[in-house]
2 protein chains.
Amino acid sequence: MIGSLEFKESTHPMSLTALKRQPAEQLATEALKESILAGDLKPGERLTEAALADQFAVSRGTVRTALHQLSRDRLVVLTPYTGWAVATIDRQDLWEIYTLRSSLERLAARLAAERMNDDGRARLAGVRDAFFAACERADVAVAVDSDFSLHRTIVELSGNRRLLDQYLMVEQQIRLFINSTYASAPNLSVAIAHHSPIVDAILAGDGEAAAGHSEHHVLSEGERVLAMVDHAG
Amino acid sequence: MIGSLEFKESTHPMSLTALKRQPAEQLATEALKESILAGDLKPGERLTEAALADQFAVSRGTVRTALHQLSRDRLVVLTPYTGWAVATIDRQDLWEIYTLRSSLERLAARLAAERMNDDGRARLAGVRDAFFAACERADVAVAVDSDFSLHRTIVELSGNRRLLDQYLMVEQQIRLFINSTYASAPNLSVAIAHHSPIVDAILAGDGEAAAGHSEHHVLSEGERVLAMVDHAG
DNA sequence: TCATGGTCGATTGCTGACAATCGACCATGA
DNA sequence: TCATGGTCGATTGTCAGCAATCGACCATGA
């Protein structure tokens, strides 16, 4: 078994990516990103390069590169010669995020519907079923994850890598907001009714309907979040 | 004349923004970006950190940070432990870029129309007039720049900073493609007819019409570029 | 009491040097 | 002729240290 590792490339081509050596810069970027998205580091919290370097056991330069990467995703902000901080998200930010997301998902749903094939149908149906099952079990934690997975799968099925890149940036900021404010609490009872039309249209290859349903769903979700912020302060 | 350069800052208070100290990292990023977008560095061309550091008279670490920034914009690509190269753009890339752009501009046009006010109207009309004038003069160089300015202005008027960020990424990649393949040559005779409906709808505050015209314009432009690539090889 | 100016610690900005890795080349032998 | 293994130059990956800058604190004096 161990000896077979040498032949991994020929016998298990899927695991080839695992062999690729990951520079510490990338590892540090991922670790820091997870710390932020998981809510360990709250929005507005100060970050010092030296402390992070110590925590991750790498050099300050490496941490610096990672911070610069995350600043491009608007997860951290830099005040020159002063310091880094986890990004904060106000009402204007939420409006920007959800209007932009509605546009990206509208395109993704249309493209996914137009390019749909048997493999894509099986994959999308599988993710949908897992999401709906979690909703019926009222398993909030799993449902929230599955919700993200479903939307992300649609974007992946669009076949547009740049669209996926930009969508992931938006998704990260939503996760940052949710995990820092405990504002998740989706209405699981209506989640199935809200997502079914989107998935059905994509599975049926109806790009126009998929685009409309998707855009509308994200916009109404955005209004729900904004209303919640306005109410809770 | 030369001596007056020293007093630029005090005699021209408008250049206060120029007083803001720009870290060399940012200067290097901008300079490198311009070299790529201007076509001095062609797609696929190898970039070595040491050579760039020597050229810009900064350290390798600074150049490295700049390269990482540009890699997030897909202007350069890094092969670990091997080297950097200016990004190449193939047919799939062009499809991704123009479908994504159509979606972003669709949203921008709608938002710009919905938020339109007197200041915005004056600004948009001014940019439009400059563009149309260049078209009538058959001034290709100015027309190409004005074309970008017009589209960018609409996105800026949307009031969505994240939308602007993502649009600028797409715009940069289009400039990279155009300036490296001399594929500009827009049809100036129809440019006015193609852009008028978009601008008119935005000025009139008709978001739905602006969105439709904008999306359609970019998609047809994308098809034109793809056809040109297929024909010219 | 309040404005002013200076000092100091903390943090980022930047650099040069060393280690790790890769791709090309070449010698070797069947 | 071709496969094999090793060597070497080139390039990126990483690090520790010094310089530049900022914000807070404090002493001073009107």
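Each chain gets a letter, A, B and so on, in the order its sequence line appears, and its residues count up from 1.
A distance-only check finds a donor-acceptor pair linking the side chain of A:T65 to the backbone of A:G61 [under 3.5 Å]. A donor-acceptor pair is defined here as one N or O able to donate and one able to accept, closer than 3.5 Å; no such pair exists between the side chain of B:D139 and the backbone of B:A134. Within the 3.5 Å criterion, the main-chain N or O of B:H217 finds a donor-acceptor partner in the side chain of B:S220.
Computed from coordinates, the B:F56 CZ to C:dT15 P distance equals 13 Å when rounded to whole Å. As a whole-Å value, the separation of A:E49 CD from C:dG13 P is 6 Å. To the nearest angstrom, C1' of D:dG13 lies 11 Å from CH2 of B:W84. To the nearest angstrom, P of C:dT21 lies 15 Å from CG of B:L78. In this structure, A:L27 atom CG and D:dG13 atom C1' are separated by 12 Å, rounded to whole Å. Protein atom CD of B:E25 is 12 Å distant from nucleotide atom P of C:dT12, rounded to whole Å.
Using modelled atom types, one finds no donor on one side chain facing an acceptor on the other under 3.5 Å when comparing A:R74 with A:Q172. Donor-acceptor pairing under 3.5 Å is recorded for the side chains of A:E96 and A:Q92.
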B:R72 vs A:D165, salt bridge (Lys or Arg N to Asp or Glu O under 4.0 Å): CA-CA, chis, key distance, verdict: CA-CA 10 Å; B:R72 293 275 325 143; A:D165 281 352; over 6 Å; no

Derivation and outcome, salt bridge (Lys or Arg N to Asp or Glu O under 4.0 Å), residues A:R121 and A:D118: CA-CA 5 Å; A:R121 256 182 287 274; A:D118 286 345; 3.5 Å; yes

Worked check of salt bridge (Lys or Arg N to Asp or Glu O under 4.0 Å) between B:R161 and B:E156: CA-CA 8 Å; B:R161 298 163 299 186; B:E156 288 174 354; over 6 Å; no

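Annotation: side chain of A:V86 is not in contact with side chain of A:K42 (no heavy-atom distance under 4.5 Å). A heavy-atom distance below 4.5 Å is found between the side chains of A:L163 and A:S158. Side-chain contact between B:I174 and B:F148 is present, with heavy atoms from C-beta onward closer than 4.5 Å.
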Show the distances under 3.5 angstrom between N or O atoms of the protein and N or O atoms of nucleotides 15-17 of chain D.
unit_1 : atom_1 : unit_2 : atom_2 : d
D:dC15 : OP2    : A:S59  : N      : 2.7
D:dC15 : OP2    : A:T62  : OG1    : 3.1

For DNA chain D, the dot-bracket pattern of Watson-Crick and G-U pairs whose distances stay under 3.5 Å, | for other-strand partners: ||||||||||||||||||||||||||||||

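Considering only side-chain atoms of B:Y81, the nucleotide from C:dT12, D:dT11, C:dT21 that sits closest is C:dT21.
Position along DNA chain D of the nearest nucleotide to B:R46 versus A:T82 favours B:R46 as the more 5'-ward residue.
Of the residues in residues 64-73 of chain A, none lies under 4.0 Å from DNA chain D by heavy-atom distance.
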